[in-house]
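Written out below as structure tokens is the structure these notes cover.
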Amino acid sequence: GGIFVNADHAPKTTVLAQYNATNEPAIIHVAKGRGSVVLSSPHFEYDPVLLDYTDSWVQQMLPVLWANQTSRHRLGHRIMQVLGIPCRSG
């Protein structure tokens with residue numbers, strides 16, 4: 001996936017997640033004026049329940065998605081928290 005070059009040196013920017021293999025920024029939070037935004041290279045929002053099981057590319061991804069379901073949900077909750085958006089657990 002893509003990386004955010006020099007994100008750790010950018011003003012009002014926080015690295016929320018890094019790639020395990022390279023420690024490069026994968027998800028960042030940027031404050032701008034009265035707002036903020038989260039930019040994510042990985043598609044952590046993919047839900048294996050909603051994907052097309054007949055697609056060969058999806059079939060390759062499914063084991064990884066299922067294995068990381070809990071941590072993906074935690075990440076989504078953390079991003080909502082950083083943005084100040086209420087989110088219920090579960």
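With hydrophobic clusters built from ILVMFWY side chains whose heavy atoms lie under 4.5 angstrom apart, I3 does not share a cluster with I28. Placement of V64 and V49 in two distinct hydrophobic clusters is found when ILVMFWY residues are connected by side-chain heavy-atom separations under 4.5 Å, directly or transitively.
Across all non-hydrogen atoms, the minimal contact from P42 to A26 is CD-O, 3.3 Å. In terms of heavy atoms, Q69 sits closest to D47 at NE2-OD1, 3.9 Å. Between A7 and T13, the closest heavy-atom pair is O-CG2, 3.5 Å. Between Y53 and Q59, the closest heavy-atom pair is O-NE2, 2.8 Å. R72 and E45 get closest at one heavy-atom pair: NH1-C, 4.2 Å.
Around CG of N20, the count of heavy atoms belonging to other residues, nucleotides or ligands within 6.0 Å does not exceed 12.
With a 4.5 Å cut-off between side-chain heavy atoms of Ile, Leu, Val, Met, Phe, Trp and Tyr, the cluster of I27 takes in L16, V38, F44, L75, I79, M80, V82, L83, I85.
A heavy-atom distance below 4.5 Å is not found between the side chains of V5 and E24. Under the 4.5 Å side-chain criterion, counting only non-hydrogen atoms from C-beta, Q81 is in contact with R78. No side-chain heavy atom of Y19 sits less than 4.5 Å from a side-chain heavy atom of P25. In this structure, V37 and L39 have side chains that are in contact, with non-hydrogen atoms separated by less than 4.5 Å.
We find the CG-CG distance between L65 and L50 to be 11.0 Å, quoted to the nearest 0.5 Å. Atom NE2 in H73 sits 10.0 Å away from atom SG in C87 (nearest 0.5 Å). Within the model, atoms OG1 of T70 and CG of N68 stand 9.0 Å from one another, a figure rounded to the nearest 0.5 Å.
Between the side chains of H29 and S36, at least one donor N or O lies within less than 3.5 Å of an accepting N or O.
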